[in-house]
Amino acid sequence: KKKIGIMTSGGDSPGMSAAVRAVVRTAIYRGCEAYAIYDGYNGLVQGKSGIKKMEWQDVRGWLSEGGTLIGTARNAEFRERSGRLKAAKNLIDNGIDALIICGGDGSLTGADLFRSEWPGLLEELIATGQVTEEACKDKETLTIAGLVGSIDNDMAETDVTIGAYSSLARICQMVDYIDTTAQSHARAFVIEVMGRHCGWLALMSGLATNADFIFIPERPVPHGEDWSKEMRETVLRHRRKGKRKTVIIVAEGAIDDDLQPVTATMVQKVLSDDLKLDCRITTLGHVQRGGPPCAYDRMLATLQGYDAVDAVLSASPDVPSPVISIRENKICRTPLMEAVALTKSVATAIKKKDFDTAVSLRNSDFQD
Ligand code: F6P
């Protein structure tokens, strides 16, 4: 029987538990054994205590659960070859042939590195007597597949990541709440949203809540004195039309075109000092990441979890590590490292101040 490990890694996102459920149940349905690897790469490095065989009923009810019920962590040891050697030994000791990782680009890159080192890691383990040749039989390759779990929606080659729509819905709900009190007091609110270096959550929540102005990293405002000009003019125009409230959404990674941060505090200062508005800041924080997944994320995690198992069972050398994506509403597979490289090229374009390229490399939601 093939033994498939499932792990969640990096920052959690709503729908990760649903993805684990889908992988466990599909694996069992397809005649395999499923193993949960607890707390991301920690479980892999620790071995026995961090790896548990999962049965069908173990994941009952997980479809609607928030976060990840098998835990997640950012593990420093796995970044070192010695950590990956321990991880390889633990996989062999547990007889695991394939690994499905649900996480962001960092976690998936780690997994691909692990896969690429695989035969070498085994040789070293055999040479140092840590595992027997017999235990490594039929395990010359490590098959992996990635699922992208992240609220940030910052991965290239997929239209959306597991968790992004849940987070977006939560942000919109919070902005709606803020709207009512802003309206009562005729106040301005600057709302900082997550997304790391990606402006998707800010852009989409701004659109969905009719924000007056949105700051995102991919379309920066001008550096220097002028950075707030467009925002000031827009806010005044809206106020002149009789709007009592002002809502500005600032992505946590917002910058100006000289790559200097544009922060909620800077925006508040302009609204209070220059426009004389009574202005408050709300940093939404981790309410954006916790809580149950929306229907879309439950569906996405289920379809992609199913496909990830199919991908490792039909692994071909042409696509050594696929990442399961969704494009134009179809579940697809892309070579993991291509998606990671393309994701990295957005950051590179931003660093080079080539914002048009950054926008065009983001998923289609960003394009003008
Ligand atoms: O990547 C997900 C994310 O929530 C980002 O949006 C945010 O910048 C970061 O993780 C926060 O990380 P932490 O939970 O470690 O503070």
Side-chain angles (χ1 to χ4, degrees), residues 7-19 39-42 65-76 78-79 101-111 146-175 190-206 208 214-218 249-255 259 261-265 281-294 297 300-301 323 325 339-340 342-344 346-347 350 358 362-363 365-366:
M7 176 174 98
T8 50
S9 175
D12 68 347
S13 70
M16 278 187 165
S17 296
D39 298 329
Y41 289 108
N42 282 352
E65 290 287 347
T68 163
L69 290 168
I70 61 171
T72 184
R74 294 178 174 122
N75 181 285
F78 191 78
R79 287 197 203 119
I101 304 98
C102 182
D105 62 342
S107 307
L108 299 182
T109 305
L147 293 168
V148 198
S150 170
I151 62 163
D152 301 337
N153 201 13
D154 55 352
M155 187 74 153
E157 298 281 51
T158 188
D159 291 345
V160 68
T161 56
I162 297 170
Y165 275 115
S166 302
S167 180
L168 178 60
R170 186 78 36 75
I171 294 169
C172 291
Q173 188 184 15
M174 297 301 132
V175 177
V190 183
I191 302 174
E192 188 195 287
V193 305
M194 281 187 171
R196 217 177 279 269
H197 303 295
C198 181
W200 188 86
L201 283 173
L203 184 60
M204 296 304 143
S205 60
I214 308 164
F215 290 91
I216 60 169
E218 295 85 351
I249 308 261
V250 184
E252 64 176 346
I255 47 174
L259 311 183
V262 173
T263 63
T265 315
I281 295 179
T282 303
T283 302
L284 292 181
H286 288 76
V287 293
Q288 299 164 87
R289 217 168 77 188
C294 66
D297 281 324
L300 185 67
V323 64
S325 56
V340 169
L342 217 57
T343 304
K344 292 214 166 95
V346 181
I350 291 178
R362 283 273 187 238
N363 61 39
D365 293 345
F366 275 88

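Just follow the structure's listing: the first ligand is 1, and inside any ligand the first atom is 1. Positions are given from 1, in the same order as the sequence printed here. Heavy atoms only: backbone and side chains are in, while hydrogens, waters and symmetry mates are out.
Using a 4.5 Å cut-off on side-chain heavy atoms (C-beta onward), Thr161 and Ser13 make no contact. Between Cys198 and Glu218 there is a side-chain heavy-atom pair separated by less than 4.5 Å. Residues Asp12 and Arg289 meet the side-chain proximity criterion, which asks for heavy atoms closer than 4.5 Å.
Interatomic distance, OG of Ser150 versus CE of Met16, reported as 7.5 Å (0.5 Å rounding).
Listed by chain and number, the residues in a salt bridge (Lys or Arg N to Asp or Glu O under 4.0 Å) with Asp297 amount to none (sequence neighbours excluded).
For ligand 1, the 4.0 Å heavy-atom shell contains residues Arg74, Ile151, Asp152, Met194, Gly195, Arg196, Glu252, His286, Arg289.
Classified by interplanar angle (parallel below 30°, tilted 30° to 60°, perpendicular above 60°), the ring pair Tyr165/Trp200 is perpendicular.
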